[in-house]
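Residue numbers begin at 1 in each chain, while the letters A, B, ... track the order of the sequences.
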Number of protein chains: 2
Amino acid sequence: MAGTASRAGSTGRRERLRAETTAEIKDVALELMASGGPEAITLRAIAREMGMTANAIYGYFATRDDLVTVLIGDVYTELADAVDTAWESASADSPATRIQGWAGAFRNWALANPEGFRLVYGDPVPGYDTPHGGAAPEAAHRVCAGLTALAAAAWPYAEHLHESSEFAWSDFDAGLVDKVRADFPGLPPAAVALALRIWGRLHGLVSLEVYGHLRTQTTSPDKLFREEVTQLVRSLDIPLRS
Amino acid sequence: MAGTASRAGSTGRRERLRAETTAEIKDVALELMASGGPEAITLRAIAREMGMTANAIYGYFATRDDLVTVLIGDVYTELADAVDTAWESASADSPATRIQGWAGAFRNWALANPEGFRLVYGDPVPGYDTPHGGAAPEAAHRVCAGLTALAAAAWPYAEHLHESSEFAWSDFDAGLVDKVRADFPGLPPAAVALALRIWGRLHGLVSLEVYGHLRTQTTSPDKLFREEVTQLVRSLDIPLRS
DNA sequence: TGCGGTGACTATACGGCGTGAAGTTTCTAT
DNA sequence: ATAGAAACTTCACGCCGTATAGTCACCGCA
């Protein structure tokens with residue numbers, strides 16, 4: 001009634017409401033996931049929580065898988081933000097510290113958001129093959145770029161250990177290659193391979209831990225991870241104190 | 001009719017039929033999983049395939065999760081067999097070769113049975129928390145024991161790199177500790193930590209590959225894995241040629 | 001030879017799921 | 001004021017796991 005159109009910004013009231021509802025759906029979905037795992041993300045449960053009908057959600061997401069895809073993108077982006085922040089907040093003078101910071105942020109995020117980790121890196125709940133386009137692949141590339149920065153920081157120390165490496169640019173995804181060659185000119189393909197291998201190393205322990213496979217073997221996954229990172233740094237011939 | 005009880009071995013006809021049906025249920029379930037992923041394991045689909053009613057399966061497995069648990073145990077045991085065989089068939093004289101064999105067998109099994117890998121190491125399909133007892137934990141311990149054998153073989157070379165290690169027996173599961181101290185007397189806790197870290201290293205790349213995260217970054221996951229194993233051996237100070 | 005018990009299986013049912021089609025209400029732009 | 005679009009509901013279908021009750025064949029024993 002009063003001040004009808006006055007508070008409408010660049011968008012109309014309709015779109016604003018729509019955006020709010022969309023956000024609420026995603027929020028509720030994330031809450032459900034946090035409390036019941038990825039499989040608890042159910043259109044009917046979301047609708048129940050919102051006082052709506054399940055079918056109403058189809059006005060916002062074409063399908064349940066579409067919703068999950070968007071969620072994966074959001075969550076993956078949060079992860080990318082977390083590790084990027086850790087990387088940037090560590091002194092560039094000390095590659096060891098930076099790597100430890102990145103690795104620690106990765107694990108901490110995973111332990112703080114185990115369901116999110118499963119959503120991003122595990123079976124994203126029935127059927128569902130990865131979407132090949134959207135926020136998730138972009139976040140994945142950000143994480144890979146971060147890893148490449150890590151490898152680039154290590155490269156001056158580690159290069160001499162990779163002289164027999166047989167990697168070529170053609171071994172990697174074209175998009176990734178473009179990004180790497182733009183961001184780190186002069187960096188050889190072997191360093192990208194190193195980046196991916198570091199990813200694997202960190203992902204392995206964290207993944208085992210999140211999925212509960214470490215818990216049945218060790219009571220100190222934390223210590224194990226720190227040791228792994230220490231040995232990683234050592235295996236790159238990086239001095240522990242810069 | 002003829003020879004009624006003659007061919008009944010140590011068990012009666014009733015039990016034999018029962019065992020056969022149980023086996024058929026598991027076989028069909030594994031087929032469904034192979035063709036449609038873990039989430040395709042459905043009591044109704046299995047029953048359909050067998051010309052039965054879904055409820056008939058409840059005579060053999062109390063619940064769908066029970067069936068899945070048994071399947072995980074079976075599949076995990078197959079994996080343990082595969083890596084054990086690879087380990088034993090490689091010359092004990094060359095730790096490097098043995099480690100490469102173990103790692104290769106692990107990855108090959110995972111790539112040949114991606115759904116099995118997901119069943120064992122991923123979300124085993126909705127809800128479902130790990131069973132804590134049965135064939136799966138036993139297989140897990142076998143794999144860990146295999147990894148410890150790996151670490152034990154590497155230890156003479158790698159020990160000097162782990163002098164600052166702070167691990168104690170109390171950092172590990174009591175059952176695992178007993179097994180290790182019986183099988184490898186004299187091996188310190190740090191070596192068990194090394195075994196678990198090696199597990200993480202191998203699991204990481206394989207897991208990323210099975211779940212399709214490597215595919216979007218590299219076209220040569222194979223080369224990447226071989227490089228990782230090579231660097232693993234190198235990081236343990238093991239001579240490549242014994 | 002018949003009979004009671006047991007184990008294998010089916011029939012029916014309930015609630016929950018994703019989703020399609022059709023209908024209803026509510027807002028908006030003309 | 002009205003036409004139309006957007007938001008949402010209702011109803012329906014076919015999946016799913018699973019509980020309950022009933023049916024039928026086979027077993028050992030008299």
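Taking A145(B) as the reference, K179(B) meet the side-chain contact (heavy atoms from CB on, under 4.5 Å) condition, with sequence neighbours excluded.
Protein atom CD of E39(A) is 15 Å distant from nucleotide atom C1' of dC16(D), rounded to whole Å. I41(A) places its CD1 atom 14 Å from the C1' atom of dG18(C), with the value rounded to the nearest Å. For the pair Y58(A) OH and dG23(C) P, the interatomic distance rounds to 20 Å; values are reported in whole Å. We find that CG of L32(A) is positioned 14 Å from C1' of dC17(C), with the value rounded to whole Å. Summarising the geometry, the separation between CG on L43(B) and P on dC9(C) is reported as 14 Å, rounded to the nearest angstrom. Atom CD1 of I25(A) is separated from atom P of dG18(C) by 13 Å (rounded to the nearest Å). Between L17(B) atom CG and dA8(C) atom P the separation is 9 Å, expressed in whole Å. At whole-Å resolution of the value, CE in M50(B) and P in dA8(C) are 13 Å apart.
Between E15(A) and R18(A) no salt bridge is recorded (no basic side-chain N to carboxylate O distance below 4.0 Å).
Using cut-offs of 30° and 60° on the angle between ring planes, the pair Y76(A) and Y121(A) is perpendicular. Taking the six-membered ring for Trp and thresholds of 30 and 60 degrees, F106(B) and F117(B) have ring planes more than 60 degrees apart, a perpendicular arrangement.
Relative to the side chain of R48(B), the nucleotides dC15(D), dT18(D), dG18(C) differ in distance, and dC15(D) lies closest. Side chain of Y60(B), nearest nucleotide from dG17(D), dC9(C), dC15(D): dC9(C).
In this structure, T42(B) reaches the dG17(D) phosphate: one of its side-chain N or O atoms is under 4.0 Å from OP1 or OP2. Look at T63(B) and you won't find any side-chain N or O under 4.0 angstrom from OP1 or OP2 of dG17(D).
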Polar atoms only, N or O, under 3.5 Å: list the protein pairs with nucleotides 11-14 of chain D and their distances.
from    : atom 1 : to     : atom 2 : distance (Å)
dC11(D) : N4     : N55(A) : ND2    : 3.3

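Counting all heavy atoms, side chain and backbone alike, S207(B) lies closest to S207(A) at OG-OG, 4.2 Å.
Judged by distance alone, with hydrogens and angles left aside, the side-chain atoms of T42(B) form no donor-acceptor pair with the main-chain N or O of R44(B) at under 3.5 Å.
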Salt bridge (charged side-chain N to carboxylate O under 4.0 Å, His left out) between R201(A) and E228(A): does it pass, once the steps are laid out? CA-CA 8 Å; R201(A) 251 176 112 156; E228(A) 174 69 2; 2.8 Å; yes
